[in-house]
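Note sheet for the following structure.
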Amino acid sequence: MEGEYIGMKEISVMVFAGNLVEMIKSSMNNAVVIDRFSKSQGYTIQQFSYSCERVRDQVGTAFGETQGVVIDFTVRVMTTRQTLFYEKLKDLDADYYTFVFNGVFEDDRPKYCDNAMIVDGFIVDVEESAANDNNQALMHVKLLARELTYIHHDGSELSINISNTH
């Protein structure tokens, strides 16, 4: 079956509170950091969108600041796990959020992913709606980014600083 392995499960997109680079730098030996990125600590993305733009002149040279980036995403949560995004909405400090694309987990632990996007930013809006099941809700979240870092599965990185949101 596509996406299923013995003892492993692939999920298209998940979001985690925290910075995945911490886990990579710990060489997968720090159990506390690894547990932060376990499948049970993540939120499966139902819907995801954002746009990252820069102003360019007629010949294509970029000038000015990168425009503010708001990442809109929707997650399905159990009602007992709803507090994370509400808590972060109250925070005055930016936090890290890691979006993992095509992640593979073995026994709840991260094993592999195609790529990831780490966002340093602020939760600016949370809207909740009921899902089909009484124990679940859909949370529509808006995340204002200060910096985006894209990580390819080979470890290469690209960071974009969005300085007008500092």
Decide yes or no on side chain to side chain contact (heavy atoms under 4.5 Å, CB included) for Gln46 and Phe73, but give the supporting numbers first. CA-CA 7 Å; Gln46 306 292 308; Phe73 61 94; over 6 Å; no
How long is the straight-line distance from CG of Asp125 back to CG of Leu144, given to the nearest 0.5 Å? 11.5 Å
pair Cys113-His153: side-chain heavy atoms closer than 4.5 Å: no
Should Asp72 and Phe48 count as side-chain neighbours, where that means a heavy-atom distance under 4.5 Å? no
Could you check whether any side-chain heavy atom of Ile151 comes within less than 4.5 Å of a side-chain heavy atom of Ile118, counting everything from C-beta outward? yes
Please list, one pair per line, the donor and acceptor atoms closer than 3.5 Å that link side chains of residues 88-100 to other protein atoms, with sequence neighbours excluded.
| from | atom 1 | to | atom 2 | distance (Å) |
| --- | --- | --- | --- | --- |
| Lys88 | NZ | Asp95 | OD2 | 3.3 |
| Thr98 | OG1 | Gly18 | O | 2.7 |
| Thr98 | OG1 | Leu20 | N | 3.1 |

Taking the side chain as C-beta and beyond, is there a heavy-atom pair between Ile123 and Lys142 under 4.5 Å? no
Grab the two heavy atoms, one from Val126 and one from Met139, that are nearest each other, plus how far apart they are. CG1-CE, 3.3 Å
If I take atom CE from residue Met14 and atom NZ from residue Lys39, how far apart are they, to the nearest 0.5 angstrom? 7.5 Å
Rounded to the nearest 0.5 Å, the CD atom of Glu157 sits from the NE2 atom of His152 at a distance of 12.5 Å
Relative to the ring of Tyr43, is the ring of Phe85 parallel (under 30°), tilted (30 to 60°) or perpendicular (over 60°)? tilted
Minimal heavy-atom distance between Asn161 and Arg146, with the atoms involved, is OD1-O, 3.3 Å
Checking Ser49 now: which residues fulfil side-chain hydrogen bond (donor to acceptor under 3.5 Å, both in side chains) with it, not counting sequence neighbours? none
So, Phe37 versus Phe16, ring centres under 6.0 angstrom or not? yes
Measuring from Ser12:OG to Asp114:CG, what's the distance to the nearest 0.5 Å? 10.0 Å
Side chains of Leu143 and Val119 in contact at under 4.5 Å (non-hydrogen atoms): yes
Of all the heavy-atom pairs spanning Val75 and Val77, show the shortest one and how long it is. CG2-CG1, 3.8 Å
With a 4.5 Å heavy-atom cut-off, do Met117 and Leu148 have their side chains touching? yes
What distance do Glu128 atom CD and Thr74 atom OG1 have between them, rounded to the nearest 0.5 Å? 12.0 Å
